[in-house]
Amino acid sequence: MTLLSADKRLIIIGLDGVPYSMVKDLSASGTMPNMKALIGEGVFRQMESSIPDISPVAWGSIITGKNPGEHGIYGFMDLVPGTYRLYFPNFSNLHGIPFWNSEQKGKSAVINVPGTYPANQINGVLISGFVAIDLEKAVYPSSLLPELKRLDYRIDVDAEKGHESMELFIDDLNRTLEARISTYRYLWDKEDWGLFMLVFTGTDRLAHFLWGAYEDRDHPYHNTFLQYFNDIDQVIGEIVWRMQPEDSLIVLSDHGFERMDRTVYINYYLRKTGFLNLRRLPTASYDDIDEKTKAFALEPARLHINTIGKYPRGSVRKNDKEAIVRDLTDLFHSLEVDGKRVIKGVYRKEEIYAGPFLDQAPDLVLLANHGFDLKARLQPERLSQSTIFTGKHTQDDAFLLVKSHRYFCIPENPSNCDVFKIVENLR
Ligand SMILES: [Zn+2]
């Protein structure tokens, strides 16, 4: 290791989907003793995630410092402009320069940041996080591939296993974590780096399936849930132990999590209230949107007005848009399931986004109240149902922890767009 990069090193540990409130809880209860120590030594804040609170959107803002109107990623999928055809944005669609590509900042090792597939050139090494289809394209430089294969590296947990059997899923979760740990150790020692960024995504997967097990002490997987977070905490402890006294550390999540009771299907509601009309049923294709449609939703709850000139069968005139935005806002504010209000917030795009890609933004984005998960799904059978998942993302409960001897400044109420500046300060 050369002293050149060793004298101003920054380590970033990402815990996908881990809420501030849970870190507080698990560090106080003894499950995360290393996090407890870090909270005592550093600055620990609750952090706002992006809207929507989806991993590729949130991590896109964390690594570029830009809001979705600037970086152009609004979800796991989007429409090809001028069509109803879906595409899946990837790293090449993310606008803005990730902090590891900032000029004259030395080498980086970046492991498993969601939304960084396919891996592109970096001064150092990069292993993409989900969604990454092919390991060969997820690694830069490709000379690293044989070693990753030897370590049995896995990009992501096979969530399908969670639908088959919880035992299989947990086994896969642990194997994925072990391979991630072996890989970080290998790169930590082998590479010369000034920035080391490692993201754990099993935390999010586990929380989707077993949030109920976290909250319920009598749940058969309660201890399994805690054990996983204890394992993560031990890796954090190991990394802290490996750090040099002048190194800086950031630990953070991209969004929070909470219990989910019911999934509510937005397009079902739009169909029932006459805003959405489909040319044929059943269908899963947005190409079946007809000209009577005034609005439709993309996952998870991004509402697009079917505007003339913007979409092939657009029918809403620009002058009528405002009235429809108001109607939809009222409609969703009053939506109730099981006697409870479903929607916490209805956001207009101008309120939450700014930048050159504002035109591609959804016209409205919905955030759900506690217990409700929103999904678009074009043609579900009913308005709401409970599913195998017991946890869902939250927008207002991500966390940020910074420990450094150097000067840094964290806003009182940070958002994930603020991380970029902090990283730049510490390098
Ligand atoms: Zn996430």
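First listed ligand is number 1; within each ligand, the first listed atom is number 1. Note: hydrogens, waters and symmetry copies are ignored here, and every other heavy atom, side chains too, is used. Model, not experiment: these values are computed from the prediction.
Nearest N/O/S atom of Asp254 relative to the Zn ion (ligand 1): this is OD2. For Asp16, the N/O/S atom at the shortest distance from the Zn ion (ligand 1) is named OD1. Within His255, the N/O/S atom positioned nearest the Zn ion (ligand 1) carries the name NE2.
At least one N/O/S atom of Ser55, from backbone or side chain, sits under 2.8 Å from the Zn ion (ligand 1).
With sequence neighbours excluded, the residues satisfying side chain to side chain donor-acceptor pair (under 3.5 Å) with Asp233 are Asn34. For Arg271, there are no side chain to side chain donor-acceptor pair (under 3.5 Å) partners two or more places apart in sequence or in a different chain.
Proximity of the aromatic rings of Phe296 and Tyr311 is defined here by a centroid distance below 6.0 angstrom, and this criterion is met.
Heavy atoms from other residues, nucleotides or ligands lying under 6.0 Å from CG of Asn413 number 12 at most.
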